[in-house]
Amino acid sequence: MSMTNPQGSESGRSNPGALSQFTGTVALVGAGRMGGAMLDGWIGLGVDPARIAVIEPQPAASIAALAGRGLRLNPDAASLRADAVVIAVKPQVAPDIMPNVAALVSPSTVVVSIMAGRTIGFLADALPRDAAIVRAMPNTPAAIGRGITVAVPNARVTPPQRRLADALLAATGAVEWVGDEALMDAVTAVSGSGPAYVFLLAESLARAGAKAGLPADLAARLARATVAGSGELLHRSPQDAATLRHNVTSPGGTTAAALDVLMAADGLDPLMERAVAAATRRGRALAG
Ligand SMILES: NC(=O)c1ccc[n+]([C@@H]2O[C@H](COP(=O)([O-])OP(=O)(O)OC[C@H]3O[C@@H](n4cnc5c(N)ncnc54)[C@H](OP(=O)(O)O)[C@@H]3O)[C@@H](O)[C@H]2O)c1
């Protein structure tokens, strides 16, 4: 199903389409922004709403509407046999909801948590003994099906459970698997928090354009379209970022003049390194 690369991570062969054949039951606990995006993805991939249970105190109208197509909204835990339970509540709510999650878990259930900073150890302590657990970190482009999620399984996750978790997560974009949970703080610092860095790049480029004499609103439109278009180009191109950068940089030209500043010893690299290190440290501290 997936390939291992030299760094020990695994990627690339998710099969979200397999979900359309899904005949089990998935319970989603928390259907806010991220849980809602996953649910949209599952429905979009053809999962029968009758295969889904949602536990959510304030369901959006679209979720309530799915109840008319068979989705079970806030069912009694005793009436549910879930093959997968996806936890998508805020991390601070976790201690309150874990007893309810535990009630949904049978020996064959895989629990998939996307809660930032909540470790496999925390989850295992709150779940029945020997529970199969996947800890995952998605990011906000999940809302448009273009996210990337990094997942780490515990030793109890069987190959079919991992395939199910992979397909559920792949409904919102790409999925990477790692074997070492300690990497999750750095993952959070790169892809989890990363969209904010890219949005900041658009803001910063707009401010610099205004300083260079452009009307502020024009500078903002140029920066926005440049970041969005370059991201799309990177997404569609088989070439890596460095090659695409080389392709638009003539020796001695305007782009090269700017890159000389950005790629100087005190340029973007050391700044980004410090930013990612700060986020990694913060993730570690929050996880306790
Ligand atoms: N958003 C991101 O970019 C992102 C990225 C990576 C990871 N995550 C993780 O994803 C998780 C969800 O984030 P989010 O942005 O989707 O948050 P969110 O929009 O606040 O969604 C959380 C949902 O859980 C519901 N909830 C609260 N208490 C509940 C309970 N007892 N039982 C069932 N549902 C309950 C909330 O309902 P109420 O509104 O009524 O409280 C809300 O709808 C977080 O743990 C976060 O760390 C998010």
Side-chain angles (χ1 to χ4, degrees), residues 26-42 52-67 71-78 80 82 84-105 111-123 126-127 133-152 165 168-176 178 181 183-200 276 279-280 282-288:
V26 55
L28 174 66
V29 182
R33 275 170 302 175
M34 197 53 81
M38 294 182 79
L39 178 61
D40 285 348
W42 301 337
I52 303 172
V54 171
I55 293 116
E56 164 62 54
Q58 294 184 299
S62 56
I63 296 174
L66 283 170
L71 178 141
R72 277 172 287 171
L73 191 50
N74 296 317
D76 200 16
L80 255 189
V85 177
V86 177
I87 311 175
V89 299
K90 294 277 192 209
Q92 52 274 28
V93 181
D96 299 335
I97 61 114
M98 286 314 289
N100 299 342
V101 173
L104 302 172
V105 172
V111 176
V112 181
S113 164
I114 64 160
M115 294 184 290
R118 288 298 184 183
T119 62
I120 288 176
F122 165 85
L123 296 160
L127 292 171
I133 299 168
V134 172
R135 177 182 168 193
M137 171 52 58
N139 67 0
T140 48
I144 56 163
R146 288 275 296 277
I148 184 152
T149 299
V150 179
V152 56
L168 290 168
L169 294 168
T172 59
V175 181
E176 298 270 348
V178 295
E181 190 182 7
L183 296 177
M184 291 305 269
D185 295 316
V187 161
T188 304
V190 173
S191 56
S193 304
Y197 318 158
V198 177
F199 300 141
L200 177 64
V276 167
T280 306
R282 184 71 185 136
R284 212 166 280 148
L286 287 173

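As the structure lists them, so they are numbered: ligands from 1, and atoms in each ligand from 1. We're numbering straight along the sequence, starting at 1.
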**Student:** Please list, in number order, the atoms of ligand 1 under 4.0 Å from a heavy atom of P91.
**Tutor:** 44 (C), 45 (O), 47 (O)

**Student:** Is there a side-chain contact (heavy atoms from CB on, under 4.5 Å) between I55 and L104? Walk through the geometry before answering.
**Tutor:** CA-CA 11 Å; I55 293 116; L104 302 172; 3.8 Å; yes

**Student:** With atoms numbered from 1 as shown, which atoms in ligand 1 lie under 4.0 angstrom from a non-hydrogen atom of M137?
**Tutor:** 6 (C), 7 (C)

**Student:** Are P57 and ligand 1 in contact, using a heavy-atom cut-off of under 4.0 Å?
**Tutor:** yes

**Student:** Between L66 and L39, is any pair of side-chain heavy atoms under 4.5 Å apart?
**Tutor:** yes

**Student:** If we check side chain to side chain contact (heavy atoms under 4.5 Å, CB included) with V111, which of these qualifies: V86, V29, L127, I120?
**Tutor:** L127

**Student:** Among all protein heavy atoms, pick out the one at the shortest distance from atom 6 (C) of ligand 1; state its residue, atom name and that distance to 0.1 Å.
**Tutor:** P138 O, 3.2 Å

**Student:** Give me the nearest non-hydrogen protein atom to atom 44 (C) of ligand 1 as residue plus atom name, then the distance to 0.1 Å.
**Tutor:** V89 O, 3.2 Å

**Student:** With heavy-atom distances below 4.0 Å as the criterion, list the atoms of ligand 1 near V93.
**Tutor:** 28 (N)

**Student:** In terms of atom number and element, which parts of ligand 1 are under 4.0 angstrom from non-hydrogen atoms of T140?
**Tutor:** 2 (C), 3 (O)

**Student:** Output yes when a protein non-hydrogen atom is found under 4.0 Å of atom 41 (O) of ligand 1, and no otherwise.
**Tutor:** no

**Student:** List every atom of ligand 1 that sits less than 4.0 Å from any heavy atom of I114, numbering the atoms from 1 in the order shown and giving each element.
**Tutor:** 7 (C), 8 (N), 9 (C), 10 (O)

**Student:** For atom 2 (C) of ligand 1, which of the options R33, M34, M38 provides the nearest non-hydrogen atom?
**Tutor:** M34

**Student:** Are E176 and V187 close enough, and set up right, to give a side-chain contact (heavy atoms from CB on, under 4.5 Å), and what steps lead you there?
**Tutor:** CA-CA 10 Å; E176 298 270 348; V187 161; over 6 Å; no

**Student:** Return a yes/no value for Q58: is any of its N or O atoms, backbone included, closer than 3.5 angstrom to an N or O of ligand 1?
**Tutor:** yes

**Student:** Checking the side chain of R146 only, and the main-chain atoms of P141 only, is there a donor and an acceptor separated by less than 3.5 Å?
**Tutor:** no

**Student:** Quick one: does ligand 1 sit under 4.0 Å from the side chain of A88, the backbone, both or neither, non-hydrogen atoms only?
**Tutor:** backbone

**Student:** Kindly determine whether L28 and E56 satisfy side-chain contact (heavy atoms from CB on, under 4.5 Å), including the steps that lead there.
**Tutor:** CA-CA 8 Å; L28 174 66; E56 164 62 54; over 6 Å; no

**Student:** Given I114, which of T172, T149, L169, V89 fulfils the side chain to side chain contact (heavy atoms under 4.5 Å, CB included) condition?
**Tutor:** L169

**Student:** Please compare I63, I55, L28 and report which has the shortest non-hydrogen distance to atom 33 (C) of ligand 1.
**Tutor:** I55

**Student:** Among Q92, K90, E56, M115, which one puts a heavy atom closest to atom 14 (P) of ligand 1?
**Tutor:** K90

**Student:** Check for a donor-acceptor pair, side chain of S193 on one end and backbone N or O of A189 on the other, with a separation under 3.5 Å.
**Tutor:** no

**Student:** Identify the two heavy atoms, one from K90 and one from R33, that lie closest to each other, and give their separation to 0.1 Å.
**Tutor:** NZ-NH2, 3.2 Å

**Student:** Check if I97 has a non-hydrogen atom at a distance under 4.0 Å from any atom of ligand 1.
**Tutor:** yes

**Student:** Begin with the C-alpha distance, continue with both residues' side-chain angles, and end with the deciding distance and a verdict on side-chain contact (heavy atoms from CB on, under 4.5 Å) for I87 and M98.
**Tutor:** CA-CA 9 Å; I87 311 175; M98 286 314 289; 4.0 Å; yes

**Student:** If you take all heavy atoms of V178 and M184, which pair is closest and at what distance?
**Tutor:** CG2-SD, 4.3 Å

**Student:** Considering only non-hydrogen protein atoms, determine which one is nearest to atom 24 (O) of ligand 1 and report residue, atom name and distance to 0.1 Å.
**Tutor:** G30 CA, 3.4 Å

**Student:** Which protein non-hydrogen atom lies closest to atom 47 (O) of ligand 1, naming both residue and atom, and how far is it?
**Tutor:** A116 N, 2.9 Å

**Student:** What's the shortest distance from atom 21 (O) of ligand 1 to any protein heavy atom, and which residue and atom give it?
**Tutor:** G32 CA, 3.3 Å

**Student:** With a 4.0 Å heavy-atom cut-off (strictly under), which part of R118 contacts ligand 1: side chain, backbone, both or neither?
**Tutor:** neither

**Student:** For the atom pair CE (M38) and CG (L168), what is the distance rounded to the nearest 0.5 Å?
**Tutor:** 6.5 Å

